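Before any comments, here is the structure.
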Amino acid sequence: QVQLVESGGGLVQAGGSLGLSCAASGRTFSSYTMGWFRQAPGKEREFVSAISWYGGIKNYADSVKGRFTISRDDAKNTVYLQMNSLKPEDTAVYYCASRAGSSPDMDAKSYNSWGQGTQVTVSS
């Protein structure tokens, strides 16, 4: 399995920006689809974005389209989530996840490795 470590969370005012990173172990990072999910207090974990292997296909939740951008650098075994125009409802713990295969699936059940999460708090 891939080991994943997120970083970059923090506190930001509404309208601000944050960038998250997820560093992965393993020599086959480029063959994994990578996803970002989030979980707010009292809510279920929800899909945010995913990027297929080699970055060919990207998927976004409707709630973040046009504001968030996912990217990956296979040379650094890292996936990124750039978050702009943040809203208080974006407040959550953000998780990085990986799955074998090429489809940037929105279903958390299809991902088999998860990071520990990083807190993002957006104040109004």
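Small disclaimer: the values here were computed from a predicted structure and weren't measured. FYI, the numbering just counts along the sequence from 1.
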So how far is it from [X] [atom1] to [Y] [atom2], rounded to the nearest 0.5 Å?
{"X": "Thr91", "Y": "Glu89", "atom1": "OG1", "atom2": "CD", "answer": "8.5 Å"}
{"X": "Ser71", "Y": "Met34", "atom1": "OG", "atom2": "CE", "answer": "11.5 Å"}
{"X": "Ser124", "Y": "Lys87", "atom1": "OG", "atom2": "NZ", "answer": "14.0 Å"}
{"X": "Arg38", "Y": "Glu46", "atom1": "CZ", "atom2": "CD", "answer": "4.5 Å"}
{"X": "Cys96", "Y": "Leu20", "atom1": "SG", "atom2": "CG", "answer": "9.5 Å"}

I'd like to know if the side chain of [X] and the backbone of [Y] have a donor-acceptor N/O pair within less than 3.5 Å.
{"X": "Asn77", "Y": "Ala23", "value": "no"}
{"X": "Thr121", "Y": "Leu11", "value": "no"}
{"X": "Arg72", "Y": "Phe29", "value": "yes"}
{"X": "Ser98", "Y": "Tyr32", "value": "no"}
{"X": "Ser25", "Y": "Gln3", "value": "yes"}

Can you name the closest pair of heavy atoms from [X] and [Y] and give their distance?
{"X": "Gly117", "Y": "Val93", "result": "CA-CG1, 3.8 Å"}
{"X": "Ser17", "Y": "Gln82", "result": "CB-NE2, 3.9 Å"}
{"X": "Ala50", "Y": "Asp105", "result": "CB-O, 4.1 Å"}
{"X": "Ser102", "Y": "Thr33", "result": "C-OG1, 3.4 Å"}

In this structure, are over 12 heavy atoms from other groups packed under 6.0 Å from Gln116 atom CD?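 Yes, because the 6.0 Å sphere around CD of Gln116 holds more than 12 heavy atoms from other groups.
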
Quick check on the hydrophobic clustering: are [X] and [Y] connected, directly or via other members, by side-chain heavy-atom contacts under 4.5 Å?
{"X": "Leu81", "Y": "Tyr111", "answer": "no"}
{"X": "Tyr94", "Y": "Trp114", "answer": "no"}
{"X": "Val48", "Y": "Met106", "answer": "no"}
{"X": "Leu4", "Y": "Val120", "answer": "yes"}
{"X": "Met83", "Y": "Tyr80", "answer": "no"}

Report the C-alpha separation of Phe37 and Tyr95 in whole Å, then their side-chain angles, then the decisive distance to 0.1 Å, and conclude whether the ring-ring contact (aromatic ring centres under 6.0 Å, His included) test is met. CA-CA 5 Å; Phe37 293 79; Tyr95 297 90; 8.8 Å; no

Looking only at side-chain N and O atoms, does Thr78 offer a donor or acceptor that is under 3.5 Å from a partner on Asp73?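 The answer is no; no qualifying pair exists.
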
In residues 62-70, what donor-acceptor pairs under 3.5 Å come from side-chain atoms, sequence neighbours left out?
residue	atom	partner	partner atom	Å
Asp62	OD1	Lys65	NZ	3.2
Arg67	NH1	Ser85	O	3.0
Arg67	NH1	Asp90	OD2	2.7
Arg67	NH2	Ser63	O	2.8
Arg67	NH2	Asp90	OD1	3.0
Arg67	NH2	Asp90	OD2	3.4

